[in-house]
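Some notes on the structure that comes next.
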2 protein chains.
Amino acid sequence: MPEVEPAAGVTSPVTVADHQYCPATALLSRIGDKWSPLLLSLLSRRSYGFNELDRSVEGLSRRMLVRTLRSLERDGLISRTVHPSVPPRTEYALTDLGRSLQEPLFALGRWAVTHEIELLAARARFEAAP
Amino acid sequence: MPEVEPAAGVTSPVTVADHQYCPATALLSRIGDKWSPLLLSLLSRRSYGFNELDRSVEGLSRRMLVRTLRSLERDGLISRTVHPSVPPRTEYALTDLGRSLQEPLFALGRWAVTHEIELLAARARFEAAP
DNA sequence: CCGAATCCAGGCGGATACTG
DNA sequence: CAGTATCCGCCTGGATTCGG
């Protein structure tokens with residue numbers, strides 16, 4: 001989805017640069033990883049502490065939690081606030097930018113839920129082919 | 001984004017099964033790969049032949065073209081029609097299901113384009129931190 | 001023309017152990 | 001509590017070669 005809509009009308013080949021620097025492709029390559037969508041979903045309602053997130057998601061390793069949070073913070077989608085209390089607490093929350101992303105992301109999620117049965121049916125049909 | 005919206009209100013930990021079988025997460029894990037968005041974008045307007053696709057995208061290897069097309073076909077998003085002409089021609093086109101996915105996908109693309117500058121700014125800010 | 005099969009490197013992601 | 005550091009398996013994805 002590099003050129004969003006006009007891409008379909010291209011006559012010249014899509015270059016590597018086109019593909020790489022397309023905002024849409026770049027976005028999906030960042031938030032399309034294994035844990036970003038889940039963390040964005042959790043943070044969509046309220047803020048979380050680090051260990052709270054760690055305990056909230058089964059199967060998510062500490063390492064990947066940190067990496068994913070850093071990636072989202074780097075893109076300005078979440079904020080990281082260190083409270084110098086005792087014990088120390090680091091709070092993660094969605095930024096305005098991150099909040100604005102929720103709408104198109106939820107739209108995609110709704111599509112997936114709506115068409116889940118069709119997807120499963122298509123896969124079953126494909127598997128049944130000789 | 002496993003539970004789409006209600007996820008934010010969870011009190012119990014998100015289990016591995018929850019995450020794995022969430023339709024939205026499953027969708028992103030499929031169409032969020034390196035070439036699917038681009039191919040869906042190209043096919044959004046008209047159908048393509050195999051070699052035509054191969055030549056249209058610089059940097060896309062034959063192997064990954066086939067694999068990505070199979071993946072999309074398997075999920076019922078595109079159709080594959082073999083024309084027994086001479087020389088033979090295989091035509092790839094979006095299905096109705098694939099077409100219905102365009103809307104939320106384009107919405108995501110529009111968001112990316114709209115907020116591209118903010119994303120770049122956030123990244124520059126992050127890089128400049130001590 | 002449209003693939004399938006093989007080989008191989010790079011990066012994602014998990015387990016574990018260690019710091020301020 | 002909130003990370004960092006190290007090791008390592010696995011899978012994605014590119015290059016190349018072969019077949020129908």
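Labels below follow one simple rule: chain letters A, B, ... track the order of the sequence lines, proteins then strands, and each chain is numbered from 1.
Interface remark: the A/R62 side chain does not form any donor-acceptor pair with the C/dT16 base, using a distance-only criterion of under 3.5 Å.
Note: CG (B/D54) to P (D/dA15) measures 12 Å, nearest angstrom. A straight line from OH of B/Y48 to P of C/dC1 spans 17 Å, rounded to a whole angstrom. Regarding A/H83, its NE2 atom lies at a distance of 10 Å from the P atom of D/dA2, rounded to whole Å. One can place CG of B/L65 at 10 Å from P of C/dC2, the figure rounded to the nearest angstrom. Atom C1' of nucleotide D/dG13 and atom CG of B/L39 are separated by 14 Å, given to the nearest angstrom. Taking atom CG on B/L60 and atom P on D/dA15, their separation rounds to 10 Å, with Å as the unit. If you measure from atom NZ of B/K34 to atom C1' of D/dC11, you get 14 Å, rounded to the nearest angstrom.
When all heavy atoms of B/G76 and B/T95 are compared, the pair lying nearest together is O-OG1, 2.6 Å. The nearest pair of heavy atoms linking B/K34 to A/H19 is O-CE1, 3.2 Å.
Comparing C/dG14, D/dG3, C/dG3 against the side chain of A/R80 picks out D/dG3 as the nearest. Taking only side-chain atoms of B/R63, from C-beta outward, the nucleotide of C/dG14, C/dC7, D/dT4 with the closest atom is C/dC7. Comparing atom distances between the B/R70 side chain and each of C/dA4, C/dG14, D/dG13 picks out C/dA4 as nearest.
Surrounding CD of A/E103 are at most 12 heavy atoms belonging to other residues, nucleotides or ligands under 6.0 Å away. No more than 12 heavy atoms of other residues, nucleotides or ligands shown are found within 6.0 angstrom of CD on A/Q20.
Note that OG1 of A/T68 is 9.5 Å distant from CG of A/L38, once rounded to the nearest 0.5 Å.
A salt bridge does not link A/E91 to A/R46: none of the charged side-chain nitrogens sits closer than 4.0 Å to a carboxylate oxygen.
Both A/F50 and B/W35 lie close to DNA chain D; mapped to their nearest nucleotides by heavy-atom distance, the more 5′-ward contact belongs to A/F50.
Taken residue by residue, residues 86-94 of chain B places no heavy atom nearer than 4.0 Å to DNA chain D.
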